[in-house]
Undergrad: 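Structure in structure tokens, see below.
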Amino acid sequence: AFTDYYTSLFIYNTPETNKKKRRFLLFVTLIVNLGMLFYFKYLYFVLDNSNSILSYFNIDFNFTLYHILLPFGISFYTFLSISYTVDVYRRLYNPVRNFGVYLTYVMFWPHMIAGPILRAHELIPSIAKSHNFNLEHITEGIRTIVFGLFLKVVLADQIAPMVDDAFIINPKDLGGLDVMTMAFGFGFQIYFDFSAYSHIALGAAQMMGIKIPENFNYPYIASSFKDFWKRWHMSLSAFLRDYLYFPLGGNRRGQVIRYRNLLITMVLGGMWHGSTINFAVWGLLHGVFLVIAHASH
């Protein structure tokens, strides 16, 4: 937090003409944030896979590591810090001069579990201003929280045991209808679970007079994979688009580069959801589906 707060001020105070210094300062904050995220969340993933590859080639050399305690919500506040510094670098947002306000923005507790991923212009103005007690905000917030609890307790938590039991069955004992039922059940479980946390975050913020954007818009009625990613975890989709896909070149350098950028973005987006190879493959598949969708138009 200290690094990002003060580096952003240095970036803002550095003239546009001094591009090398501004880029160096941005590079520093990116290395700090992404380095911490890699160490705490992805180091085990890299070491485990390295050990597996070496074992495949009969190389008996295992990398071992002491137990790393994953900090609470590290993915979210890392992304918040990165977006804040990059927006200051792009001159899209003027840095705040109050460290307490900045720290509140980074550590805003309602959305630390599952989002939405909020940007500086969406949250800091509401944090910085004073709020009076408002009964309407309280009632609206409670209503949204209760709806989130309904999604979590009544729907997601009731589907989860059935899905968990199904996944421990030997695949040889499953028919086509069984697999399809499990897939649909798991899909609805994660949607209800994820959407529940987002609604609880929205409600908690509403009670404090702070409005944060919706994160889901009925993704399972999407008409295409492109439409799906406009509806599913919308704040993450927008973040990956603005801070990864566009910096890679977006669709400005021809179709081949555009498809490459889509694949990279979706693989990294999959890895953001979880530090296992399954999430990387999941992201890759969605990247391939998006490439097909774009190529067919």
Side-chain angles (χ1 to χ4, degrees), residues 1-12 22-47 65 67-90 92-93 95-96 98-124 127 194 197-198 201 204-205 210 212-213 215 229 232-248 264-276 279-280 282-283:
F2 282 103
T3 301
D4 297 314
Y5 176 73
Y6 287 107
T7 303
S8 297
L9 291 174
F10 291 146
I11 291 173
Y12 181 76
R22 299 183 80 247
R23 289 174 180 170
F24 172 76
L25 291 170
L26 178 63
F27 180 75
V28 168
T29 190
L30 290 176
I31 288 297
V32 170
N33 282 288
L34 295 177
M36 291 181 61
L37 183 63
F38 173 81
Y39 174 76
F40 285 107
K41 189 172 182 178
Y42 298 107
L43 187 56
Y44 277 123
F45 169 78
V46 172
L47 292 181
L65 195 67
H67 181 66
I68 297 176
L69 183 64
L70 184 66
F72 177 75
I74 187 171
S75 295
F76 285 95
Y77 60 72
T78 298
F79 276 17
L80 290 179
S81 298
I82 290 174
S83 67
Y84 175 85
T85 309
V86 172
D87 284 352
V88 171
Y89 175 82
R90 293 173 175 172
L92 299 176
Y93 191 81
V96 294
N98 186 315
F99 181 72
V101 171
Y102 172 78
L103 192 61
T104 303
Y105 158 70
V106 175
M107 303 296 293
F108 190 63
W109 59 269
H111 73 134
M112 292 300 289
I113 292 292
I117 300 172
L118 301 174
R119 306 190 195 182
H121 70 273
E122 294 174 317
L123 187 55
I124 288 181
I127 292 175
F194 212 167
Y197 282 119
S198 291
I210 297 175
I212 59 179
N215 208 23
W229 282 103
W232 175 273
H233 206 333
M234 295 183 289
S235 61
L236 175 63
S237 298
F239 182 94
L240 293 174
R241 179 196 65 205
D242 294 342
Y243 300 101
L244 183 57
Y245 177 70
F246 285 161
L248 285 171
I264 293 174
T265 300
M266 294 311 300
V267 169
L268 293 178
M271 290 293 296
W272 180 87
H273 284 84
S275 54
T276 67
F279 283 105
W282 176 81

Undergrad: Tell me every residue that passes ring-ring contact (aromatic ring centres under 6.0 Å, His included) with Tyr243, counting only those two or more places apart in sequence or in another chain.
TA: Phe239
Undergrad: Heavy atoms, side chains only, cut-off 4.5 Å: are Val96 and Ser8 in contact?
TA: no
Undergrad: Taking only residues at least two apart or on different chains, which pairs with a member in residues 103-124 satisfy salt bridge (Lys or Arg N to Asp or Glu O under 4.0 Å)?
TA: Arg119-Asp242
Undergrad: Atom CD1 of Ile11 and atom CG of Asp4: how far apart are they, to the nearest 0.5 Å?
TA: 9.0 Å
Undergrad: Please report the interatomic distance OH(Tyr105) to CD1(Ile127), rounded to the nearest 0.5 Å.
TA: 8.5 Å
Undergrad: Enter the distance from Thr78:OG1 to Phe38:CZ here, rounded to the nearest 0.5 Å.
TA: 13.5 Å
Undergrad: Output the distance between atom CG (Leu9) and atom OH (Tyr6), rounded to the nearest 0.5 Å.
TA: 8.0 Å
Undergrad: A side-chain contact here means heavy atoms from C-beta on lying under 4.5 Å apart; do Tyr93 and Ile124 qualify?
TA: yes
Undergrad: Check whether any side-chain heavy atom of Ile210 sits under 4.5 Å from a side-chain heavy atom of Phe108, and report yes or no.
TA: yes
Undergrad: Looking only at heavy atoms, what is the nearest atom pair of Gly269 and Leu240, with distance?
TA: CA-CD1, 3.7 Å
Undergrad: Centroid separation under 6.0 Å, is that true for the rings of Tyr84 and Tyr5?
TA: no
Undergrad: Not counting sequence neighbours, which residues clear ring-ring contact (aromatic ring centres under 6.0 Å, His included) with Phe76? List them please.
TA: Trp272
Undergrad: Report the distance from atom CE of Met266 to atom OG of Ser237, rounding to the nearest 0.5 Å.
TA: 7.0 Å
Undergrad: Would the distance check show the side chain of Thr85 and the main-chain N or O of Ile82 forming a donor-acceptor pair, the cut-off being under 3.5 Å?
TA: no
Undergrad: Do you know which two heavy atoms are closest between Pro213 and Pro116, and how far apart they sit?
TA: O-CG, 3.3 Å
Undergrad: Under 4.5 Å between any side-chain heavy atoms of Leu26 and Arg22, yes or no?
TA: no
Undergrad: Check the angle between the aromatic planes of Phe99 and Tyr102 and answer parallel, tilted or perpendicular using the 30° and 60° thresholds.
TA: tilted
Undergrad: Do Leu25 and Tyr89 come within less than 4.5 Å of each other through their side chains, counting heavy atoms only?
TA: no
Undergrad: Considering non-hydrogen atoms only, spot the tightest contact between Ile212 and Ala201 and give its length.
TA: CD1-O, 3.8 Å
Undergrad: Taking atom CG of Leu123 and atom OG1 of Thr104, what is their separation to the nearest 0.5 Å?
TA: 9.0 Å
Undergrad: Closest approach of Ser83 and Leu118, non-hydrogen atoms and distance?
TA: OG-O, 4.4 Å
